[in-house]
Amino acid sequence: MLRRALPRRPEARRMLAGTLLSAIGRGLTLPFLFIYLTDVRGLTDTRAGLVIGWYGVVTLALSPLGGTLIDRFGARWVVVPCLVIEAIGTGSLALVHSTGSALLVMTVIAIGSSAIWSGQNTILASLTDDGERQRVFGLNFALLNLGIGIGGMTSGAIVDTARPASFQTIYLLDAVSYLMPALILLTLPGIGHRLGHRSAGTGPSNGGYLTVLRDRPFRRLVIFGLVLTTCGYAQVEVGFAAYAVRVAEVSPRVVAWALAANTVMIVLAQLLVIRRIEGRSRTGALAVVGAVFATAWLVLGVAGVVSTGSALVAALCVVACSAIFGFGETLLSPVMPALTNALATDELRGRYNAMSSMIFGISGVIGPVTAGPLIGAADGMVWVAVVVGGCLAASLIALSLRRLLTVDQDGRATVAPPTPTPTPAPTPA
């Protein structure tokens with residue numbers, strides 16, 4: 001399955017290797033930023049939250065500019081500088097000592113990260129055809145989670161709030177990891193250039209984001225993504241953790257086990273999933289994602305109901321919720337970017353990918369803000385009802401998208417049927 005998922009072009013394979021290397025560094029630091037700012041650098045919980053929120057705001061504000069620059073100059077000349085800026089910012093986290101310095105450093109990191117994801121997706125899309133693109137995006141997501149898992153397990157054995165140097169070490173290692181994909185891109189001078197001039201017979205589009213937003217199928221896909229991620233991904237960091245600890249009354253250690261189960265599910269299931277969905281309707285797969293996410297939240301709701309009677313069952317439900325959610329991610333991760341790039345034109349591919357990545361930024365602002373009040377109502381049952389209903393609504397939106405797509409865009413004709421072996425004509429007597 002791994003051999004089948006690998007892209008044909010060696011340049012794309014090297015890009016995937018860069019994803020894995022940078023993800024290991026990201027995993028070193030991902031779970032610990034809040035703890036580092038509060039327990040090591042002495043920021044209050046409120047100020048640390050504002051610093052992290054500021055990063056999200058800056059990233060979201062700059063993402064459209066990143067898409068425009070990718071289309072105008074090529075992803076190569078945007079991604080490489082952004083990776084270097086990200087490395088400088090991440091390494092500088094080792095030196096923060098106040099709220100002001102933390103805000104400055106997070107601003108630098110946000111500038112770097114604003115175009116990396118959309119730029120790398122644009123490059124991968126340019127190196128693959130529609131028949132293999134879905135597999136490659138799925139493998140990219142699996143490698144991302146594998147790297148984060150390796151980094152998280154490594155840093156868990158290293159960091160200690162009593163030793164600030166241990167945190168400084170992981171941030172410096174994370175900075176080095178961001179330079180790996182930049183070095184790989186520098187060794188591939190033939191990729192990542194402007195795509196617009198490759199479209200035969202057409203000049204560059206002047207429509208920009210207005211043209212992207214006039215694309216009715218893509219607009220429907222964006223609506224689907226906003227609803228799904230607001231009731232799905234955006235609830236993981238705040239809603240899931242808060243409900244598990246406050247309503248289901250499990251320990252933070254159980255939450256850590258649940259997140260580990262999520263990573264294991266993604267790494268083990270991704271290759272099987274991308275093989276099973278190949279040649280099948282992408283909108284159907286997206287509808288299944290909404291149903292799977294809704295099931296995960298229902299299982300978490302059961303944890304809150306049974307917590308008073310059985311702490312073990314509640315803990316198992318919390319872990320099961322995260323694992324089920326991970327299975328839904330294995331469906332979403334290959335299909336969403338593949339469908340985005342099936343709808344995109346070369347002239348506007350950077351903007352399409354930037355808009356797609358902005359979905360997660362917008363929902364990342366809406367989700368945490370709404371999760372707190374909803375969990376505080378009716379012992380969290382209002383929150384469960386809202387997120388389950390939202391995920392199911394996303395499924396309906398995905399199904400409504402199918403009639404707006406061609407068969408090729410929906411992924412139902414990406415696998416060519418086997419060519420029958422010709423039967424030799426009988427020799428005349």
Side-chain angles (χ1 to χ4, degrees), residues 1 4-9 12 121-122 124-141 195-196 198-202 205 207 211-228 270-293 327-353 355-356 359 391-421:
M1 285 188 293
R4 179 174 175 78
L6 285 172
R8 288 189 290 270
R9 294 186 60 170
N121 277 358
T122 299
L124 276 179
S126 71
L127 294 173
T128 54
D129 57 43
D130 198 54
E132 65 174 343
R133 196 171 286 155
Q134 190 164 279
R135 298 194 301 269
V136 173
F137 280 125
L139 180 58
N140 187 57
F141 184 70
L195 299 174
R198 297 183 184 175
S199 297
T202 59
S205 171
T211 301
V212 175
L213 291 174
R214 290 192 189 106
D215 184 340
R216 189 182 176 196
F218 183 68
R219 195 166 63 239
R220 185 74 57 89
L221 181 64
V222 168
I223 294 172
F224 160 81
L226 284 172
V227 175
L228 183 76
Q270 185 69 82
L271 292 179
L272 178 61
V273 167
I274 59 178
R275 181 179 179 182
R276 295 288 294 178
I277 64 176
E278 190 171 357
R280 299 176 185 270
S281 169
R282 288 169 176 162
T283 51
L286 293 178
V288 172
V289 174
V292 172
F293 282 4
F327 178 73
E329 291 179 83
T330 65
L331 284 165
L332 182 66
S333 60
V335 174
M336 189 78 173
L339 183 50
T340 296
N341 282 280
L343 295 171
T345 61
D346 279 346
E347 293 88 355
L348 297 173
R349 195 171 299 279
R351 290 178 175 90
Y352 272 86
N353 281 293
M355 282 288 295
S356 186
I359 291 171
C391 290
L392 294 177
S395 294
L396 296 176
I397 296 171
L399 293 176
S400 73
L401 173 61
R402 181 179 301 181
R403 61 185 175 82
L404 303 179
L405 303 176
T406 66
V407 172
D408 287 340
Q409 290 170 339
D410 198 32
R412 286 172 280 156
T414 56
V415 182
T419 304
T421 303

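Computed from a prediction, not measured in an experiment: that's the story for all the values here.
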Quick check for you: to the nearest 0.5 Å, what is the distance between [X] atom [atom1] and [Y] atom [atom2]?
X	Y	atom1	atom2	answer
Arg135	Gln270	CZ	CD	13.0 Å
Leu271	Arg276	CG	CZ	14.5 Å
Ser356	Asn341	OG	CG	8.5 Å
Phe141	Glu329	CZ	CD	4.5 Å
Thr128	Asn140	OG1	CG	10.5 Å
Arg282	Leu401	CZ	CG	11.5 Å

Tell me, do [X] and [Y] make a side-chain contact under 4.5 Å, heavy atoms counted?
X	Y	value
Ile397	Arg220	yes
Phe137	Met336	no
Ile277	Pro334	yes
Thr122	Leu195	yes
Arg412	Arg402	yes
Gln409	Leu404	no

For [X] versus [Y], what's the shortest heavy-atom pair and its separation?
X	Y	result
Val136	Pro7	CG2-CB, 3.7 Å
Phe293	Leu228	CD2-CD1, 3.7 Å
Asp130	Ala342	OD1-CB, 3.9 Å
Val335	Ala285	CG2-CB, 4.0 Å
Ala398	Leu286	CB-CB, 3.8 Å
Gly290	Ser395	CA-OG, 3.2 Å

Spell out, as yes or no, whether a donor-acceptor pair under 3.5 Å connects the side chain of Asp129 to the backbone of Glu132. yes

Under a 3.5 Å distance rule, please check whether Arg133 uses its side chain to pair with a backbone N or O of Ala125 as donor and acceptor. yes

Using a distance-only test with no angle check, is there a side-chain donor-acceptor pair under 3.5 angstrom linking Ser126 and Arg349? no

Picking from Leu343, Leu213, Leu339, Ile223, what satisfies side-chain contact (heavy atoms from CB on, under 4.5 Å) with Phe218? Leu343

